[in-house]
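Please read the structure below before turning to the comments.
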Amino acid sequence: MCVSGEQIYIPAYLPAKAFDGSSWALVLYNKKLLMRKSDSKFNIPEVKELDGIITDDKSMEYIGIYDGHDCYCKRLKEEHELPENLELVELMQITNRSGDAGLFLLAGTANHILHWNSMNQYCGYCGNKTLDKKDERAKICPNCNNIVYPRISPATITAVFHEDKILLAHNHNFREGLYSLIAGYVEPGESLEQCVEREIQEEVGIKVKNIRYFNSQPWSFPDSLMMAFTAEYESGDIMVDNCEIIDAAWYSADNLPEIPSTDSIAGKIIRWYRDQSACL
Ligand SMILES: [Zn+2]
């Protein structure tokens, strides 16, 4: 069970009760989620509000219960004409528009499952069409019995501290002026701690010590699990790789550059550091 803000999301692959019009429908199109707007507040529409877009549950994936609502998801292949009270909202704008960070994570889960579903329609070993496994969230190949579970790609993200400062870096994919923590995918054969050490050494050229687990968060765009750590500077001068990272520096809590929103674990950790520093 995961608690998102004040709401509770219980992931599940099978519904406890039959699909009906009161179920929530998470409908994705490109990198947007279909949301209902009422009194300038955005929320997830119910199935019965989506006449012509949803006809039955056959083309939908069940992803669990959010705040007591059964949740189904589906990806549209083409644009539909929408009633006035429905709008496609950018995934990264869901928290802003709804005021509920849990809905952003819920939409991410829908994105993850739909991505996995569409990528595994055929067996990677023999090319046969796969089937949904009945007793768990998985695909099974009826020809060679290959089973494919949803892929989750582990990644580490680390807040490195040196005296009272935090290391922040600008990735070449970021918009101008935005700085964040060092992150990267875990490689086969590597522990999480080794991943932290390697990523920091590769991207900014310094060694760290006292690596401590901090927190984790699914980042389902399309299938990462971010595991956050803190670490202390040990040695070396900052030397960016000029490949992923094009600038990095030590920042004090009262002089931070633009940082990610609280939708991301990086945004949460950097604010935690800022708030801790303010208490000292
Ligand atoms: Zn097969």
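In each ligand, atom 1 is the first atom listed, and ligand 1 is the first ligand listed.
For Glu90, the salt bridge (charged side-chain N to carboxylate O under 4.0 Å, His left out) test picks out no residue, with sequence neighbours left out. With sequence neighbours excluded, the residues forming a salt bridge (charged side-chain N to carboxylate O under 4.0 Å, His left out) with Asp70 are Lys17, listed by chain and number. Partners of Lys77 under the salt bridge (charged side-chain N to carboxylate O under 4.0 Å, His left out) rule, at least two apart in sequence or in another chain, do not exist in this structure.
Around the Zn ion (ligand 1), protein N, O or S atoms at less than 2.8 Å number 4.
Of the charged side-chain nitrogens involved, none lies within less than 4.0 Å of a carboxylate oxygen, so that Glu46 and Arg36 do not count as a salt-bridged pair.
Applying ring-ring contact (aromatic ring centres under 6.0 Å, His included) to Tyr72 and the options Tyr62, Tyr13, Trp24 leaves one that passes, Tyr62.
No donor-acceptor distance shorter than 3.5 angstrom exists from the side chain of His112 to the backbone of Ser224, with no hydrogens or angles considered.
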